[in-house]
Amino acid sequence: MKEDDVPQYAGSAYGGHKKLLYAVDDAGNYKAVESVGCEIEAHATYDAVAELRSRATEAWQRARRGDASPLEYHMYQRRMDVALLAQTAGFFRWRVRRHLAVSRFAALPESVLRRYADALGIDMAALRRLPDEP
Amino acid sequence: MTRALDSTGSLDARGAGAVSACARPATAEHEAGAFRHLHAAHCESGVMASMLGHYGLPVSEPMAFGLAAALAFAVVPFIKLSGLPLIAYRMPPRSVVRGLDKRLRLKMVYKRFRDEAEGMRVLDRRLAEGHLVGLQTSVYWLPYFPDDMRFHFNAHNLIVYGRRGDEYLISDPVFEAPVVCDRASLQRARFAKGALAAKGMLYYPTAVPESIDLPRLLKPALRANLRTMTGAPVPIIGIRGIRYLGRKLLRMERRRDRRTLERFLGHIVRMQEEIGTGGAGFRFLYASFLHESSKQLGDELLAQAATRMTDAGDTWRSFALAATRMCKRRGDMNVLELVELLHGCADREAEVWRLLRRFV
């Protein structure tokens, strides 16, 4: 990659930060060049973020309809999935999956809820509640 | 000659005038002033280049990456990141640290912890002695990351160079400037669970040589990397891994599930562009290493290999560009073209190693 070809795409996901790349200058030497963003990367990143957001939004709608517990929403809101939440909270996956159901979640003891709250980094009250917007 | 970095107290007695890296003031406040942040393309090679520079061994990031023989390619179907296979463009986490440890005899100390509080105590103690500490962390729980970059990826690396009460002074090599992080978030980031979990991993060198004997070290490093790229016993690693990825795409196309294919392509690009270092960054990083070595040793073959490696990197970029274009424009999917590009990457990388085989 030539120094002039280093992407400088303003719409990046870097949040104003710069990334370093190695490129070739006119004399054929390699040098570190700062990049404010790369369009390809921005697309890939935004797609991934959009995918995560849509999972959270769908879970929020299910919870609102009463088809799922708030736990499912909070899990996706934290960009986790069942496997990661299970590992983080220290439960088997099948248990976490069961807790995504409304009735089972409502019946959970404090001790189990506490583990979920810790795993998700939110407080107990927030865990039980579904926010007004996804 | 190698300097020991063990006991700060006894070395302080040598006086502040000594050039030795150990003759540093023992307080973190001082340390914060003495430390110089290094902006790097990749977190792990950045951490090592920065750390070694701090302890008196100037080494560029590409040199750190190359001497550790950290270039690789692998598709790992049984490690999933958000449900998709891990695609790595370099050796597994901590390979740069371990590779340099071995070749430069840094006597690195590595620690993982069962007890989170103990993990924080050990970090604090080392910082209080005025030393740098390397950490492996999750990206998601680091509050200074832009929100759109926060994914559950557990193999990030950074340096802690000081502490102000509850705030840790952090040199994150992929950022242009030092950042700070509160204690609770740092602890969470260090002990996040999931694939590649860090388990609080911290590391630091206890002996740093004064110079690098490149003529002696280069061949083994190249040989090791040659083995990774061309001699792996399984077809998912090295140049065969690149071709395997191409076949995987063809299989997906036959199943005619466009959404899955698009998600997978997006995933490949993201693993390449973002978790990698931007634009097939590792290929350019390695090319830069080959170039620097060719300059130092006056070797034309290495310079040729560097140019070819840059070629390979550019082909990876073309692949990413084409894949993104196809995902964006409905109905424009041409998997064969993508597979061709992937085979182009494989061919170019094979050519690099054919050249380097003559050198080692």
Side-chain angles (χ1 to χ4, degrees), chain A residues 1-3 5-7 9 11-25 27-53 55 75-76 78-91 118-121, chain B residues 39-42 46 60-62 80 82-83 140-141 145-152 173-176 188 192-195 197 262-263 265-274 277-281 284-285 287-289 291-292 295 303 306-307 310 313-314 317 320-321 323-325 327-328:
Chain A
M1 186 170 50
K2 288 269 190 293
E3 193 181 348
D5 296 336
V6 170
Y9 176 67
S12 79
Y14 302 170
H17 294 287
K18 292 193 194 80
K19 209 170 215 178
L20 204 72
L21 295 175
Y22 288 88
V24 187
D25 67 12
N29 291 313
Y30 286 78
K31 57 187 284 193
V33 184
E34 284 187 341
S35 157
V36 298
C38 164
E39 194 172 353
I40 312 170
E41 181 193 342
H43 280 309
T45 306
Y46 286 131
D47 283 352
V49 171
E51 172 91 23
L52 292 166
R53 290 224 173 101
R55 269 190 224 170
M75 172 178 86
Y76 285 129
R78 278 302 193 190
R79 299 184 178 176
M80 292 186 174
D81 52 20
V82 171
L84 183 54
L85 180 59
Q87 258 186 312
T88 309
F91 296 124
D118 287 346
L120 294 163
Chain B
H39 190 193
H42 173 51
S60 71
E61 187 201 0
K80 304 269 191 208
S82 26
Y140 184 84
W141 298 103
F145 261 79
D147 196 45
D148 287 333
M149 305 288 276
R150 289 177 65 191
F151 299 97
H152 290 285
V174 300
F175 285 78
E176 318 93 281
R188 212 164 233 289
K193 305 277 200 307
E262 273 182 16
R263 263 192 77 205
L265 283 175
H267 175 72
I268 301 177
V269 172
R270 209 156 65 77
M271 298 291 274
Q272 174 184 330
E273 298 294 314
E274 176 181 295
T277 62
F284 298 129
L285 196 53
S288 182
F289 154 70
H291 185 79
E292 194 180 327
K295 284 248 152 139
T307 312
T310 305
D314 287 334
R317 277 180 59 85
L321 192 65
T324 309
R325 195 191 59 219
C327 290
K328 286 290 142 192

Given heavy-atom pairs under 4.5 angstrom as the criterion, report whether the side chain, backbone, both or neither of [X] touches chain A.
X: B:R188; result: side chain
X: B:H152; result: side chain
X: B:A323; result: neither
X: B:T307; result: backbone
X: B:F145; result: neither
X: B:K295; result: side chain
X: B:A303; result: neither

Highest number of heavy-atom pairs under 4.5 Å with chain B: which of A:A83, A:A32, A:P7?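 Answer, by heavy-atom pair count under 4.5 Å with chain B: A:P7.
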
Region of [X] that comes under 4.5 Å of a non-hydrogen atom in chain B:
X: A:E34; answer: side chain
X: A:D5; answer: backbone
X: A:V6; answer: neither

Looking at [atom1] of [X] and [atom2] of [Y], how far apart are the two atoms once the value is rounded to the nearest 0.5 Å?
X: A:H43; Y: B:K328; atom1: NE2; atom2: NZ; value: 5.5 Å
X: B:H291; Y: A:Y22; atom1: NE2; atom2: OH; value: 13.5 Å
X: A:L85; Y: B:K193; atom1: CG; atom2: NZ; value: 11.5 Å
X: A:K19; Y: B:H39; atom1: NZ; atom2: NE2; value: 9.5 Å

B:H267 and A:D47: CA distance, side-chain angles, deciding distance, side-chain contact (heavy atoms from CB on, under 4.5 Å) verdict: CA-CA 9 Å; B:H267 175 72; A:D47 283 352; over 6 Å; no

Quick one: closest heavy-atom pair of [X] and [Y], and the distance?
X: A:L20; Y: B:A41; value: O-CB, 3.3 Å
X: B:S288; Y: A:Y30; value: OG-CB, 3.4 Å
X: A:A44; Y: B:G266; value: CB-O, 4.1 Å
X: A:Y14; Y: B:M149; value: CD2-CE, 4.1 Å
X: B:D147; Y: A:R79; value: O-NH1, 2.8 Å
X: B:R270; Y: A:A48; value: NE-CB, 3.3 Å

Checking side-chain contact (heavy atoms from CB on, under 4.5 Å) for the pair B:F151/A:V49: CA distance, chi angles, key distance, verdict? CA-CA 9 Å; B:F151 299 97; A:V49 171; 3.7 Å; yes

Could A:K2 and B:D314 be called an ion pair, given the rule that one side-chain N must be under 4.0 Å from one carboxylate O?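 A salt bridge is absent here (no side-chain N lies under 4.0 Å from a carboxylate O).
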
Mind running side-chain contact (heavy atoms from CB on, under 4.5 Å) on A:R78 and B:Y140 for me, showing each step along the way? CA-CA 9 Å; A:R78 278 302 193 190; B:Y140 184 84; 3.3 Å; yes

Report the relative orientation of the aromatic rings in B:F175 and A:H17; use parallel for angles under 30°, tilted for 30 to 60°, perpendicular for over 60°.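 Perpendicular: the ring planes of B:F175 and A:H17 meet at over 60°.
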
Out of B:P62, B:A197, B:S60, B:A192, return the one with the most heavy atom pairs under 4.5 angstrom to chain A.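 Greatest number of close heavy-atom pairs with chain A: B:P62.
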
